[in-house]
2 protein chains.
Amino acid sequence: MNDQLCLERSIKEDRIPPSDTKTRILDVAFRLFHEQGYHATGIATILREADVNSGSLYHFFPSKEALLIGVLEYATQIMHPVVMAPAEAAAEDGIERIFALLANYRTGMEMFQCKMGCPIGNLALEVADDHPPARALIDQNFRNWAAVIEGWLRSVGDRLPPSADLGQLSRFILTVMEGGIMQARAAGNLVPFDESVAQLRAYFNLLQEQARAAREVGKQ
Amino acid sequence: MNDQLCLERSIKEDRIPPSDTKTRILDVAFRLFHEQGYHATGIATILREADVNSGSLYHFFPSKEALLIGVLEYATQIMHPVVMAPAEAAAEDGIERIFALLANYRTGMEMFQCKMGCPIGNLALEVADDHPPARALIDQNFRNWAAVIEGWLRSVGDRLPPSADLGQLSRFILTVMEGGIMQARAAGNLVPFDESVAQLRAYFNLLQEQARAAREVGKQ
DNA sequence: CAAGAAGTTGAATGAACGATCAACTATGCC
DNA sequence: GGCATAGTTGATCGTTCATTCAACTTCTTG
């Protein structure tokens with residue numbers, strides 16, 4: 001969920017009405033919420049950058065909170081094409097797809113000098129407590145993300161232990177990604193993110209070894 | 001860094017000047033930044049809840065950003081007695097201390113209906129990009145946290161593989177904690193946190209098994 | 001006890017905030 | 001072409017925001 005900005009721009013240009021007002025508002029609001037956070041972003045800034053008048057914005061979104069909801073629904077829609085599809089194109093194997101995805105997040109972080117991080121993660125910590133409907137949509141975004149990963153994990157068959165809870169493991173990967181990004185932003189460099197990914201890789205290697213050993217036993 | 005509120009209050013009552021203005025401001029600001037976030041917390045609210053006039057606050061902290069710095073320094077000081085000491089009292093073994101610490105975070109989350117989470121983590125995502133000195137102090141808080149964990153890990157000796165990078169592993173534990181809290185807040189329940197801890201436990205079991213096997217080989 | 005330093009009071013400030021609305025224009029449908 | 005609906009304009013509203021400051025009180029120190 002890192003480099004939506006760029007890729008989503010290309011999506012926009014492909015479609016027929018590229019500069020439709022509502023989409024332009026969502027596009028800019030999504031970017032500014034990501035860059036500055038929800039509370040730190042003023043409506044006036046969104047209006048200026050989207051080149052829209054306040055009346056138009058309030059025609060589509062009756063309040064700033066409604067705009068937040070709109071942005072989170074927007075994020076749900078663009079998640080797969082923007083975040084998942086590139087990783088699926090980068091690797092065929094389920095496990096390698098996961099690390100390709102993490103590498104893409106790394107690249108996104110690198111492009112913005114370790115700033116911004118994950119737009120959904122940022123909003124999760126900033127607004128989840130105070131805006132229940134937003135919390136639900138953030139949760140939905142996380143669930144969708146993990147569901148894709150779980151699909152990748154299922155595709156590797158017996159290379160992971162049959163006892164492993166793949167749904168749980170998919171959410172653990174999200175945990176590691178978000179935690180790694182948080183520390184990288186605090187550090188101002190990617191070392192903590194890389195270290196977290198390295199530990200995750202070590203875990204996966206041990207899981208695969210465990211599965212291999214179990215298969216040997218099964219053969220006998 | 002979850003239940004500082006309660007424990008730090010008891011600290012305050014022990015010391016000689018318990019209701020010193022500056023400490024009262026820091027106490028309230030820390031709590032409100034934790035509960036509502038930095039931008040969502042108005043100076044007026046801090047003044048009201050700390051029962052202090054604006055002039056007094058600006059006597060100690062020339063700006064809201066300076067107050068943020070003060071709060072982060074405050075957090076650095078109270079981290080060990082409030083967060084680490086209880087876990088050290090709860091378990092002797094290094095590895096069990098880690099999971100006791102995570103259990104304490106869980107309890108803190110439970111007390112507040114899965115809200116608030118980690119005060120440092122929240123600020124990391126909200127202000128790290130825009131306030132470089134705050135970013136450095138957040139990083140310092142994370143480093144101190146992980147350094148304590150690393151000490152615990154070193155104390156377990158050969159029960160972890162000699163090849164394991166214990167500094168890296170300590171930061172990975174912070175990653176898992178923060179990522180698990182983020183998902184729990186989004187979900188509105190503790191399941192994702194518990195799952196993350198379960199996966200971390202599985203990883204530790206595999207690491208210990210690996211170390212045991214290596215020891216066997218070494219004996220021969 | 002004198003005198004300066006440290007801390008406190010609280011009304012006032014201008015800027016930025018989210019939100020409103022009556023008037024206006026474009027669009028789609030019969 | 002008529003008429004409602006959808007979308008747009010931009011000045012304006014009241015509120016809240018972080019911050020200021022001159023006057024005042026309390027503490028410190030010689």
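Bear in mind the structure is a predicted one, so any value in this text is a computation, not a measurement. In what follows, every chain begins at residue 1, and chains take the letters A, B, ... in the order their sequences are listed.
As judged by a 4.0 angstrom heavy-atom cut-off over every strand, B/T41 is placed among residues touching the sugar-phosphate backbone only. Looking at heavy-atom distances under 4.0 Å, B/S54 makes contact with a base. Using a 4.0 Å heavy-atom cutoff across all strands shown, B/G55 reaches at least one base atom of the nucleic acid.
Note on B/T21: a side-chain N or O is less than 4.0 Å away from OP1 or OP2 of C/dT8. One finds no side-chain N or O of B/Y58 lying less than 4.0 angstrom from the OP1 or OP2 phosphate oxygen of D/dT20. Between A/N53 and D/dT8 there is no side-chain polar atom (N or O) within less than 4.0 angstrom of OP1 or OP2. The side chain of A/H59 contributes no N or O atom lying less than 4.0 Å from OP1 or OP2 of D/dT8.
Note: CG (B/L47) to P (D/dC17) measures 11 Å, nearest angstrom. Atom CZ in B/F60 sits roughly 13 Å away from atom C1' in C/dA5 (whole-Å rounding). In this structure, CZ of B/F61 is placed 16 Å from P of D/dT20, rounded to the nearest angstrom. Atom NE2 of B/H131 and atom P of D/dA18 are 12 Å apart (whole Å). With rounding to whole Å, A/D51 atom CG is found 12 Å from D/dT8 atom C1'. The CD1 atom of B/I43 sits 16 Å away from the P atom of C/dC17 (whole-angstrom rounding). Atom CG in A/D20 sits roughly 15 Å away from atom P in D/dA6 (whole-Å rounding). Between the CG atom of A/L32 and the P atom of C/dG18 there is a distance of 12 Å, given to the nearest Å.
Nearest-nucleotide mapping onto DNA chain C: of A/S56 and A/A40, the residue sitting toward the 5' end is A/A40.
A side-chain donor from one of A/D20 and A/T23 sits under 3.5 Å from a side-chain acceptor of the other. B/Q183 and A/T175 form a side-chain donor-acceptor contact under 3.5 Å, judged by distance and modelled atom types alone.
Minimum atom distance to the side chain of A/S63 is reached by C/dA19, of the listed D/dC17, C/dT8, C/dA19. Looking at the side chain of A/K64, the nearest of the listed nucleotides C/dG18, D/dT9, D/dT8 is C/dG18.
B/F142 does not carry B/R171 over the face of its six-membered ring by the limits of under 6.0 Å from the centre and within 45° of the normal.
Here the closest non-hydrogen pair linking A/A184 and A/M109 is CB-CE, 3.8 Å.
Ring to ring, A/Y203 and A/F172 are close: their centroids are under 6.0 angstrom apart.
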